[in-house]
Undergrad: 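Mind looking over this structure? Questions follow.
Please read these numbers as outputs of a predicted model, since none were measured by experiment.
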Amino acid sequence: MTTETEAQPSRRRMRCIEDGTMLEESKTSGEPSMRCPACQGAWLTDEALHAVEDKSFDADMVKGQMRYGERPTDDDCPHCGKKMTRFRYRGHNLEIEACPEDAGYWLEHGEDRHIKDALKERKRGLRRSVGAQRAWHQARRGGSVSLLDRIKHFFGR
Ligand SMILES: [Zn+2]
Ligand SMILES: [Zn+2]
């Protein structure tokens with residue numbers, strides 16, 4: 001039996017860009033992420049985001065522009081400390097921030113509401129007759145599960 005230590009040489013401790021709270025390890029669609037326990041903002045590495053997309057999108061949906069309307073922000077990246085950029089994710093009504101070195105992405109908790117609003121219209125009909133879980137599986141079968149759905153699922157506790 002080996003004794004586990006708390007040493008994590010490759011993992012840097014990161015703080016929330018909104019309130020400076022130490023981020024805690026979490027999961028987004030099975031991929032490792034970091035979440036702020038205070039404001040529920042979340043950090044996804046570039047690797048994790050792409051892994052989520054690979055599981056979420058049809059092949060023809062994966063390709064294409066990710067960043068629409070990208071512009072600078074005054075927020076310091078929790079990973080490298082440089083100023084982050086902000087953009088509309090794949091043209092959806094979802095704004096996320098990105099590390100200028102492409103290390104990862106930040107999702108504010110407020111964006112969660114935008115996601116839910118965007119999904120409400122689409123799922124309203126389904127929700128009348130089936131549960132959210134059933135709708136989720138139906139969406140999967142239909143091949144229309146997007147990263148938005150997965151992130152919404154992640155936040156939808
Ligand atoms: Zn926070
Ligand atoms: Zn960075």
Undergrad: To the nearest 0.5 angstrom, please state how far the CD1 atom of Ile17 sits from the CG atom of Asp75.
TA: 4.0 Å
Undergrad: If you define the side chain from C-beta out and look only at heavy atoms, does anything of Trp43 sit under 4.5 Å from Pro32?
TA: no
Undergrad: What class does the angle between the rings of Tyr105 and Phe87 fall in, given that below 30° is parallel, 30 to 60° is tilted and above 60° is perpendicular?
TA: perpendicular
Undergrad: His50 versus Met66: any side-chain heavy-atom pair under 4.5 Å?
TA: yes
Undergrad: Could you state the interatomic distance from CD (Glu101) to CE (Met84), rounded to the nearest 0.5 Å?
TA: 11.0 Å
Undergrad: Answer yes or no: is there a side-chain heavy-atom contact under 4.5 Å between Cys16 and Leu23?
TA: yes
Undergrad: Give me the atom names and distance for the closest heavy-atom approach of Ala103 to His79.
TA: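 Minimum heavy-atom contact is CB-ND1, 3.4 Å.
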Undergrad: Within the supplied structure, the quantity of interest is the number of heavy atoms (other residues, nucleotides, ligands) at a distance under 6.0 Å from Asp102 CG; does it exceed 12?
TA: yes
Undergrad: Just to verify, which of Lys82, Arg71, Lys83, Arg86 counts as forming a salt bridge (charged side-chain N to carboxylate O under 4.0 Å, His left out) with Glu97?
TA: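 Exactly one option meets the salt bridge (charged side-chain N to carboxylate O under 4.0 Å, His left out) with Glu97, and it is Arg86.
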Undergrad: Please report the shortest heavy-atom distance between Arg15 and Pro78, naming the atom on each side.
TA: O-CB, 3.3 Å
Undergrad: List in chain and number order the residues that pass side-chain hydrogen bond (donor to acceptor under 3.5 Å, both in side chains) with Glu70, two or more places apart in sequence or in another chain; answer none if no residue qualifies.
TA: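 By the side-chain hydrogen bond (donor to acceptor under 3.5 Å, both in side chains) rule, Glu70 matches Arg67, Thr85.
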Undergrad: With a 4.5 Å heavy-atom cut-off, do Tyr89 and Glu95 have their side chains touching?
TA: no
Undergrad: Compare all side-chain heavy atoms of Leu44 with those of Met34 and state whether any distance is below 4.5 angstrom.
TA: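 A side-chain contact is absent here, since even the closest heavy-atom pair is not under 4.5 Å.
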